[in-house]
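Single-structure report; data block below.
Quick caveat: nothing in here was measured; it's all calculated off a predicted structure.
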Amino acid sequence: MFSRLAVRRAPRSATMSVRYTSSIKEGSVAQSRGFKDRESAVESEYVHKQEQAYLKKLKAEIEFKKIELEKLEKIHAEAEKK
């Protein structure tokens, strides 16, 4: 009698071990459209700030070079007069 119960229960336990999952996988937070849009906006803002800082640095260098050029032109003009 015990062997009959064991045989009957084996298939039931096998079918109960089937795991049911949804189509959404674990860690799929980044698949939502809203998250992508926010993340893209944050990245764009970061890049924009980096570009602005780089442009500010370049403008300062240009101004420094203009002043340096004016000084050298004055020195050159004085050297030609002599």
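Side chain of S40 to main chain of K36: no donor-acceptor pair is present (N/O by atom type, distance under 3.5 Å, no hydrogens or angles).
A heavy-atom distance below 4.5 Å is not found between the side chains of K82 and E78.
Applying the side-chain contact (heavy atoms from CB on, under 4.5 Å) test between L69 and each of K66, K65, E73 identifies E73 as the sole match.
Between atom CD of residue Q52 and atom CG of residue L55 there is a gap of 6.0 Å, rounded to the nearest 0.5 Å.
With side-chain heavy atoms closer than 4.5 Å counting as contact, directly or through intermediates, the hydrophobic cluster containing L58 also holds Y54.
Between K49 and E45, at least one side-chain N (NZ, or NE/NH1/NH2) sits under 4.0 Å from a carboxylate O, which counts as a salt bridge.
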